[in-house]
Amino acid sequence: MSTRIAFLKGHGTENDFVIVPDPENAIDLPPAAVAALCDRRAGIGGDGLLHVVRSAAHPEARHMAGEAEWFMDYRNGDGSLAEMCGNGVRVFARYLQRAGHVTEGDIAVATRGGVKSVHIAKTASGSGSATGDITVGMGSALLPEGDVTVSVGARSWPARNVNMGNPHAVAFVDDLAHAGDLYTPPPFSPAGAYPDGVNVEFVVDRGPRHVALRVHERGAGETRSCGTGACAVAVAAARRDGADPRVTGTPVTYTVDVPGGTLVITERPDGEIEMTGPAVIVAEGEIDAEWLENALR
């Protein structure tokens, strides 16, 4: 192992990530190493880690190499694997742009939730902006059947089960404070609804097709934003409001406020969901390998 490992730090609507470029998949990142790097006091700090690997070099992504050169090997802040992270994909694309691997326009990114289409917006001068919006094609939502309930203390709410490549329970509440501190996962029932855990969104209305949320992300706790969660919330809100683009043939767009900013979610008649929002790289440096080795002892 080299004495130092390159890293960057970035965020999308304040959902923040440690970024580890590793094109040939040469760096061993066991769960304990990821958790150490994401620790906000003893490490770099982040809601998760973006391991940047060429698809052809990663056993989980080789079958996608023909469609997408780069694989987002995403890890939650506790080191566990995750299928997808919508804010993470935008930050991942911003890193690829910064590193010169891609330019503005359309690119493809491989994830455990499949290949995602990404559009990096141009500025008025015709070049990609370091702080401009990025749009991600998030795929279609699945709406599993069955009633789900989530609870915080003595309060319980019915929740909409929405799968965006990862599982979500969306509960509409009167006040976001009712979500509690969200340090621990909100209980849900039935117990078999989410065998691998779930992201739980608590949602209030702000206006016509405008909602706000707080979220507990599995493996991370409450985060400032969750891209797949914002998509799940938009779909749940649309169905609650009687809007289904597959039926009406008309796209539906919701503005979704998260604690760290605002995302715009559009569901098209073909079922594809597009998420638009910012992605920013804030720092880069080197991880001391000796520190990392000591952190794993």
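Each residue takes its place number in the sequence, starting with 1.
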side-chain contact (heavy atoms from CB on, under 4.5 Å) evaluation trace for Asp73 with Phe92: CA-CA 10 Å; Asp73 176 18; Phe92 188 92; over 6 Å; no
Minimal heavy-atom distance between Thr111 and Met64, with the atoms involved, is O-CE, 3.4 Å
*asked:* Less than 4.5 Å apart, side chain to side chain, heavy atoms only: is that true for His168 and Asn161?
replied: no
Can you check whether Thr250's main-chain N or O pairs, donor with acceptor, with Thr248's side chain at less than 3.5 Å? yes
Check your understanding: Any Lys/Arg nitrogen of Arg98 or Glu284 sitting under 4.0 Å from an Asp/Glu carboxylate oxygen of the other?
Key -> yes
For Val91 and Gly12 the tightest heavy-atom approach is CG2-N, 3.6 Å
d(Asp244 CG, Arg239 CZ) to nearest 0.5 Å is 4.0 Å
Between the CZ atom in Arg90 and the CZ atom in Arg94, the distance rounded to the nearest 0.5 Å is 9.5 Å
(Q) Treating Asp241 as the side-chain partner and Ala243 as the backbone partner, does any N or O pair qualify as donor plus acceptor under 3.5 Å? (A) no
| said: Strictly distance-based, threshold 3.5 Å: is any side-chain N or O of Thr266 a donor or acceptor partner for the main-chain N or O of Glu274? | reply: no
- Message: So Val235 and Cys231, do their side chains get closer than 4.5 Å, heavy atoms only?
- Response: no
Whether the side chain of Tyr254 engages the backbone of Val233 through a donor-acceptor N/O pair (distance < 3.5 Å, no angle test) should be reported. no
Handout entry: Single-linkage hydrophobic cluster, 4.5 Å side-chain cutoff, Tyr194 and Met164 together
Key = no
Nearest heavy-atom contact between Arg40 and Asp47 is NH2-OD1, 3.0 Å
Closest heavy-atom pair, Val53 versus Asn25, reported as atoms and distance to 0.1 Å, is CG1-CB, 3.6 Å
Closest non-hydrogen contact found for Val115 with Ala68 is CG1-CB, 4.2 Å
Point to revise | Side-chain touch Val20/Ile5, heavy atoms, less than 4.5 angstrom | key: yes
| Does Gly285 offer a backbone N or O that forms a donor-acceptor pair with the side chain of Lys9 under 3.5 Å? | no
Check: Judged by atom type as modelled, is there a donor-acceptor pair below 3.5 Å linking the side chain of Arg112 to the main-chain atoms of Tyr74?
Finding: yes
Worksheet item: Asp22 side chain to Ile27 main-chain N or O, any donor-acceptor pair under 3.5 Å?
Response: yes
**Study point:** From CA spacing to verdict: side-chain hydrogen bond (donor to acceptor under 3.5 Å, both in side chains), Thr276, Asp133
**Key:** CA-CA 6 Å; Thr276 299; Asp133 283 346; over 6 Å; no
If you measure from the Lys or Arg side-chain nitrogens to the Asp or Glu carboxylate oxygens, is any gap between Glu201 and Arg214 under 4.0 Å?
-> no
One should read off an interatomic distance between Ser117 OG and Met138 CE, to the nearest 0.5 angstrom, of 10.5 Å
- Item | Side-chain heavy atoms of Asp175 within contact of Val204, under 4.5 Å | no
CG (Leu213) and SG (Cys226) are apart, to the nearest 0.5 Å, by 8.0 Å
- Message: Within the structure provided, determine whether Arg54 and Phe71 are in side-chain contact (heavy-atom separation under 4.5 Å).
- Response: no
Rounded to the nearest 0.5 angstrom, the OG1-CD1 distance for Thr103 and Ile120 is 7.5 Å
If hydrophobic clusters are built by linking Ile, Leu, Val, Met, Phe, Trp and Tyr wherever their side-chain heavy atoms come under 4.5 Å apart, do Val173 and Leu182 end up in the same one? yes
Notebook entry, point to check: Are any of the side-chain heavy atoms of Thr135 and Met275 separated by less than 4.5 Å?
Noted result: no
State whether Asp270 and Arg268 are salt-bridged, where the test is any N-O pair (Lys NZ or Arg NE/NH1/NH2 against Asp/Glu carboxylate O) under 4.0 Å.
yes
hydrophobic_cluster_shared for Leu142 and Ile273, side chain cutoff 4.5 Å: no
Audit row: Asp196, Asn166, side-chain contact (heavy atoms from CB on, under 4.5 Å) steps and yes/no: CA-CA 10 Å; Asp196 299 318; Asn166 57 357; over 6 Å; no
Side-chain touch Glu222/Val215, heavy atoms, less than 4.5 angstrom: no
Practice problem: Would you check if Arg209 and Val252 make a side-chain contact, meaning some heavy-atom pair closer than 4.5 Å? | Solution: yes
_Please determine whether side-chain contact (heavy atoms from CB on, under 4.5 Å) holds for the pair Val198 and Phe188, giving the CA-CA distance in whole Å, both sets of side-chain angles, and the decisive distance to 0.1 Å._
CA-CA 9 Å; Val198 64; Phe188 61 85; 3.8 Å; yes
Less than 3.5 Å apart, which donor and acceptor atoms pair up between the side chains of residues 143-156 and the rest of the protein, not counting sequence neighbours?
{"unit_1": "Ser151", "atom_1": "OG", "unit_2": "Ser156", "atom_2": "OG", "d": "2.8"}
{"unit_1": "Arg155", "atom_1": "NH2", "unit_2": "His178", "atom_2": "NE2", "d": "3.4"}

**Donor-acceptor contact present, side-chain Glu272 to main-chain Gly139, <3.5 Å** = yes
What one should report as the nearest heavy-atom pair of Phe17 and Asn15 is CE1-O, 2.9 Å
Exercise. Indicate if Val200 and Val203 have the same hydrophobic cluster label, given that clusters are the connected sets of ILVMFWY residues with side-chain heavy-atom separations under 4.5 angstrom.
Key: no
*asked:* Donor-acceptor pair, distance only, cut-off 3.5 Å: does the side chain of Asp39 make one with the backbone of Ala42?
replied: yes
Check step by step if side-chain hydrogen bond (donor to acceptor under 3.5 Å, both in side chains) holds for Ser80 and Asp78.
CA-CA 6 Å; Ser80 59; Asp78 65 354; 2.6 Å; yes
- [ ] Measure from NZ or CZ of Arg240 to the centre of the six-membered ring of Phe172, then state whether that distance is under 6.0 Å and the direction lies within 45° of the axis.
- [x] yes
Residue pairs passing the ring-ring contact (aromatic ring centres under 6.0 Å, His included) test with at least one member in residues 199-248, sequence neighbours excluded, are Trp157-Phe202
Measure from the side-chain N and O atoms of His58 to the backbone N and O of Glu60, and report whether any donor-acceptor pair falls under 3.5 Å. yes
Steps toward side-chain contact (heavy atoms from CB on, under 4.5 Å) verdict (Val256, Val264) = CA-CA 6 Å; Val256 181; Val264 177; over 6 Å; no
Determine, for Glu217 against Arg224, whether the closest basic-nitrogen to carboxylate-oxygen distance falls under 4.0 angstrom. no
Transitively linked via ILVMFWY side-chain contacts under 4.5 Å: Ile287 with Leu296?
-> no
Note to self: Surrounding CG of Asp174 (heavy atoms of other residues, nucleotides or ligands, distance under 6.0 Å), is the total greater than 12?
What the structure shows: no
Taken in chain and number order and not counting sequence neighbours, the residues that satisfy side chain to side chain donor-acceptor pair (under 3.5 Å) with Glu67 are none
Rounding to 0.5 Å, atoms CG (Leu49) and CD1 (Ile19) come to a distance of 9.0 Å
task: Taking only Lys NZ, Arg NE, NH1 and NH2, and the carboxylate oxygens of Asp or Glu, determine whether Glu83 and Arg218 approach each other closer than 4.0 Å.
output: yes
